[in-house]
Amino acid sequence: MPFQDVPAKVDDYAKQEREVLQLWKDTDAFQTLRTLHSGQPKWSFLDGPVTANNPLGVHHGWGRTYKDVFNRFWTMRGRELRYQNGFDCQGLWVEVEVEKELGFRSKRDIETYGLDAFVRKCKERVLRFAAVQTEQSIRLGYWMDWNDPDHLRELATALMENPSQRMTVQGPRGEVTDTAEQLIGRLGMPDLGGSYFTFSNENNYMIWSFLKQCWQRGWLYRGADVMPWCSRCATGISQHEIVTDGYQDLTHTSITLRLPLRGRQRESLLVWTTTPWTLPSNVVAAVGPELTYVKVRQGDEMFYLSKGTLHMLRGAYEVLGEMPGSMLEGWTYDGPFDHLEAARQPGGNGALRDLAQDVSACAAEAHRVVLWDEVSETEGTGIVHVAPGCGAEDFRLGKEHNLPILAPLDEEGYVLAGFGDFSGQHVSALLDGIRQTLTDSGRLYHVEPYTHRYPTCWRCATELVFRLVDEWFISMDELRHAMMEVTKQIRWIPAFGLDRELDWLRNMHDWMISKKRYWGLALPFWECAACGHYEVIGDDQELAARAVAGWEDFEGHTPHRPYIDAVKIACSTCGGQMQRITDVANPWLDAGIVSFSTLGYRTDREAWRDWYPAHWISESFPGQFRNWFYSLLAMGTVLENSPPFKECFGYATLIAEDGRAMHKSWGNAIEFNEAADRMGVDVMRWLYCAHKPENNLPFGYQRADEVRRQFLIPLWNMYSFFVTYANLDGWEPDREGFEPGRPEGPTPHSDNILDTWIVARLNQVTERCTTSLQDSDTHAATLAIAAFLDDLSNWYIRRSRRRYWKSTHDTDKHTAYATLYHVLVKLIKLLAPLTPFVTEVMYQNLVRAMQPGAYDSVHHCDWPEANAVVVNATLLDQMALARQITSLGLGSRGSANIKVRQPLAAALAYVHEGEAAWSETYTAIVCEELNVKSLQFVEQETQLLSYEVLPNNKLLGPRLGATLGRVRAALTHTDAGAVVQQVQSGNPVALSIDGETYELDPDEVLIRTHPAAGLAVATDRGVTVAVETDITPALRTEGLARELVRRIQVMRRDAGFNIADRIVTYGLCEGPLADALLTWSDYLKAETLSTNLVASAPPPEAYSEEHRIDGMTIMLGVQRQAAAASPGV
RNA sequence: GGGCCUGUAGCUCAGCUGGUGAGAGCGCACGCCUGAUAAGCGUGAGGUCGGUAGUUCGACUCUACCCAGGCCCA
């Protein structure tokens, strides 16, 4: 039973990969893998959930490749894994897409549409994209416990038809029957299996428990703050979100205006703002206590501004005097909009100000100059307009000075009552009116466009405004330090991850967890309308026990809006009825809880302990320090005060090949599916793995081509070469003693030095790969493998080719096959986690087809063990030396301009060390490579080169310290030849310096060489090689013979003969060519498989060509022998 | 303003805890090989290792400062 023939070239790697996928599916390969490793020691990987909101991109492919590589590696190393993928399901990002789908423009549209229907649409969208992402992940070769994508779609359809219809599905522990809605709510649980979904009941209730703990420890509070707010989404944007993609360069209209000082005729402060809509909410003006201010005259007016901002003035001015900022403190002024009702209302306007402070003054009364360290001169006038209801820093300053607050905007950005004509207008439309009012009142000084980085909504790109809101927060005061301690117990890769996480933790404010939206975790906060008391409910059972009304409306539903909102509980303080606040939660709570919710923390604490903490997690690090990593840490710290993961592997950002971010609109984006089809995913995976993760990864078709050419095609060529010749010779691997986990068999024995060498290299690389992957370093693993592939292809196989195609069937040939087979099979096991498809194809043919007891898949095999005994350092060094001599010899041939086909009499080599272990075998290899008759080592390198002697700094530095410099000087002035002789005979070298004698041991002296002029030599790292350039007539004849062989071989191919065909060769020529034909006729016949070599013109039926060689002409012909049609070589 | 990362050949990047030759791939030039063949191999040109100062016998490697780019936080 021969191997299946292997095409020399794969036309379509993607097609081949799809066939592998089908094979895995047909043989249920993944389930077999789980069974094989069930009960082994555990390796816990916790997946960071991907937002199931759109198809995957190639950047997801990068992360998923890492995850799959390490999952596969640890599995092969004999570990049991969970293989649970995660989908992130709840939150604004899904709402926004569904809104787009439905053509909605505001929250009101959603309410009109109905919360129940809207929430179902959100769930449906998640399920449909989870199905798409599942298919894409499978295409990538990512082996996980995937749901059947069609099943997810069926659930989505059922949910939309009728969520309460009962369905029965097959789970890993048997059939499960429930309503469509509840089946969806139970996805990822042990009885259903598959990916976890953060919208699951378990995930939501587990977060409730977490929040209850926070509440019990006094960390949970409702507070007022001025926050970035999206008027379109009608929601606050948390610190975590705004920093991601939030800032854009935007041009706004900036206004400089007068604030007339009270009691000072025609004197004004000059203030500048880029947000004119905040001017009606002005309360105070701030100056820098350290800055210097000036009083200037323009016409009959006097202005105050800081000295460093005089450029803000338009037209001529006269400086009247200077003063420190502190001198202005307490001056009062007339506000620009004091005629508005809001400015005259005691304490300011708006309901929420009471949450913030207790003040009775109105804004108009509060107008004065205050000191503020934050004021700078980098922009503006050095006098800052402060509106505590419209800016985060302003708000803090307002609290400090107990100022009234004017909060002008409602949820959707419309101005509230009390602002005159502005009331009812949208914030984005206020500019003209404000400008006109200022012009009319003579307050306007200057107007100018101004470009700055301004925050926008990360979902809908609407410009954010700052708005006074009430939100729910987790206080970081105590948690911060506990989290930092936990963070330090984790290994961060790259190491700077620790610093980044700590930096974030040090700086972050209290964690805003609420959102005034619809699709998300329902915050379990119940509030009493009567007395204002609130309580936190810890799980579904507690809710059931406490419910006094509305339970029947909720029962049977997942804990989402609107049904959860129906449940009322009794107030433990006043006995009144408590209602859930309508807010939903920040989605990072959902992702952060998964080290508890997906591992059975609430239901099976023992099983949870088996898998917690995760050994390894991985995500792209930009962003995740403040998001997923952060929320995991928060939950682990609050619930267990322990690290939820031991090792965090981060990687940078994927960019396009042109060095820019990928953007569809820039035309440099690549879709995942398109990449998979055009590149093949093995290529993608190698490209990902060969990259250093902390650097941004340029991704594109050019790089993919490089990978295919340098990695995949050479690998395939070697495989194809092996199979082609093994089949010709009918070679097959031993079946005796076959072990499915180790299909490569025991290390083969051979007397051939190339065999023992390549086996040594194989085991060296195995060791390196093992170490690297254990250390989460795919980059190092690919480097080691790439170097090995080069050795295998360009040295071992190339040097061994004749052993495979020679016509005798001897032990040497068998050993050659056995060795190459062993190497290839062990190699594909090393490669299997990295490139699972091509290795599977090779395995199916090399192993599965030949061994009845073989596993179905290469991925069921054990990770290869490094056999340290065969890693012979001397052998590796000597072969490296042989390659070096060869390379140098080729270099010197090149400099003499003599092609390799022309034999030369001798190569001369000098090696300054390591020659002792040299053997004739290496000489034979080098001679053949260099096409020389002999290789001679010269004793005295001075024949070829001159010496230079240097101190061995590494040894002498510590010994001599500062005197090393003088020793070096002395050494270079001595007779180098004499020193070399001393050193080579093992004697110390004595140096006299300033009357003192220093003795240097032989190993404390290094010898370096320089090529002497006029010789065709090449030298590198202490090795020198020269070739004799004399070409004798005999050598010339031989060279011609080799030239003829080559031309005949090409003719064989052009004539369409098979490589084993026997032929008759005709040659008509004179002179030296005729000599060559005669003298080397046996050689010619053997090389070209000619049974006969006829010195005459070829007959008409032969394939013939006229050739010119060195100015001579020869008529060559080749003719296939009828008798040679029989098989065999 | 603060934190982190990056800066090595035309391009993309390797260079482990300082040790004496500065490397790979791509591109370029020239050549070779040809029974893995619309593949492969070799050689070469090309770099003051961002800059400055310091530590050291010795710095691409460590330290400080500066410059440029990126990310993050104010």
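Below, read A as the first sequence line, B as the second, and so on, with proteins coming before strands; counting in each chain starts at 1.
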Pairwise C1' distance for A29(B) and G15(B), with rounding to whole Å: 27 Å
Trp716(A) side chain reached by Val6(A) side chain, heavy atoms, under 4.5 Å: yes
State, yes or no, whether a side-chain contact exists between Val765(A) and Cys769(A) at a heavy-atom distance under 4.5 Å. yes
With a 3.5 Å limit on both atom pairs, tell me what G46(B) is paired to, counting Watson-Crick and G-U wobble, or say none. none
Taken to the nearest whole Å, CH2/Trp686(A) to P/C13(B) is 19 Å
Distance to the ring centre below 6.0 angstrom and angle to the axis at most 45 degrees; does that hold for Arg708(A) and Tyr13(A)? no
What distance, rounded to whole Å, do you find between the two C1' atoms, one in A59(B) and one in G54(B)? 11 Å
Has Gln710(A) got a side-chain N or O lying under 4.0 Å from the OP1 or OP2 atom of C26(B)? yes
Determine the contact category for Gln1049(A): base if any of its heavy atoms lies under 4.0 Å from a base atom, sugar-phosphate if only primed atoms, P, OP1 or OP2 are that close, otherwise nothing. base
Do the side-chain N or O atoms of Lys692(A) get closer than 4.0 angstrom to the phosphate oxygens (OP1, OP2) of G15(B)? yes
Is there a side-chain contact between Asn717(A) and the phosphate of A39(B), meaning an N or O under 4.0 Å from OP1 or OP2? no
The side chain of Arg626(A) lies closest to which of these nucleotides: C72(B), G27(B), G15(B)? C72(B)
Side chains of Ile1063(A) and Thr1091(A), heavy atoms from C-beta outward: is any pair under 4.5 Å? no
Is the shortest distance from a Lys or Arg side-chain nitrogen in Arg491(A) or Asp775(A) to a carboxylate oxygen in the other one below 4.0 Å? yes
Between U6(B) (C1') and Tyr651(A) (OH): distance, integer Å: 20 Å
Distance-only, no hydrogens or angles: does the Ser793(A) side chain make a donor-acceptor pair with backbone N or O of Leu789(A) under 3.5 Å? no
In terms of side-chain heavy atoms of Phe496(A), which of G35(B), C5(B), G15(B) is nearest? C5(B)
Watson-Crick or G-U wobble mate for C41(B), both contacts under 3.5 Å: G31(B)
Euclidean distance for P, C11(B) against G50(B) (whole angstrom): 14 Å
Rounded distance (Å) that lies between atom C1' of C32(B) and atom CD of Glu929(A): 12 Å
SB check Arg1046(A) Glu1087(A) (cutoff 4.0 Å): no
When the P atoms of G51(B) and G44(B) are considered, how many whole Å apart are they? 27 Å
On RNA chain B, compare the nucleotides closest to Asn696(A) and Glu393(A); which residue's is nearer the 5' end? Asn696(A)
Assigned partner base of G58(B), Watson-Crick or wobble definition, under 3.5 Å: none
Selection from C13(B), G2(B), G25(B) that lies nearest to any side-chain heavy atom of Asp503(A): G2(B)
Applying a 3.5 Å limit to both distances, which nucleotide forms a Watson-Crick or G-U wobble pair with A53(B)? U63(B)
Separation of A39(B) atom C1' from Leu789(A) atom CG, nearest Å, is 16 Å
Between C5(B) (P) and Gln624(A) (CD): distance, integer Å: 19 Å
Could you check whether Thr724(A) gets within reach of a base, just the sugar-phosphate, or nothing at all, counting any heavy atom under 4.0 Å? nothing
His509(A) side-chain proximity, nearest of A36(B), A74(B), C26(B): A74(B)
Of the listed A36(B), G15(B), C41(B), the closest approach to the His779(A) side chain comes from G15(B)
Whole-Å distance, Arg799(A) CZ to G40(B) C1', equals 15 Å
Ring centres under 6.0 angstrom apart (Phe629(A), Phe625(A)): yes
Which whole number of Å gives the distance between the C1' atom of C60(B) and that of G19(B)? 13 Å
Nearest-angstrom distance, P atom, A53(B) to G47(B): 23 Å
Among C26(B), G35(B), A14(B), the nucleotide that comes nearest once only the side chain of Asn695(A) is considered: A14(B)
With the side chain defined as heavy atoms from C-beta on, Ile797(A) is closest, among C41(B), A36(B), G15(B), to A36(B)
Give me the distance, rounded to whole Å, that separates C72(B) from A64(B) when you measure between the C1' atoms they each carry. 24 Å
CD of Glu657(A) versus P of G27(B): gap in Å, rounded? 13 Å
Has the side chain of Arg500(A) got a donor or acceptor that lies under 3.5 Å from a partner of the other kind on the base of C4(B)? yes
Whole-Å gap separating P (C5(B)) and CD1 (Ile655(A)): 19 Å
Of the nucleotides C4(B), G35(B), A36(B), which one has an atom closest to the side chain of Arg801(A)? A36(B)
For C11(B), give the paired nucleotide (Watson-Crick: N1-N3 plus N6-O4 or O6-N4; G-U: N1-O2 and O6-N3; both under 3.5 Å), or none. G25(B)
Rounded distance in Å between the C1' positions of G70(B) and A45(B): 33 Å
Applying the 3.5 Å cut-off to both distances, the Watson-Crick or G-U partner of C71(B) turns out to be G3(B)
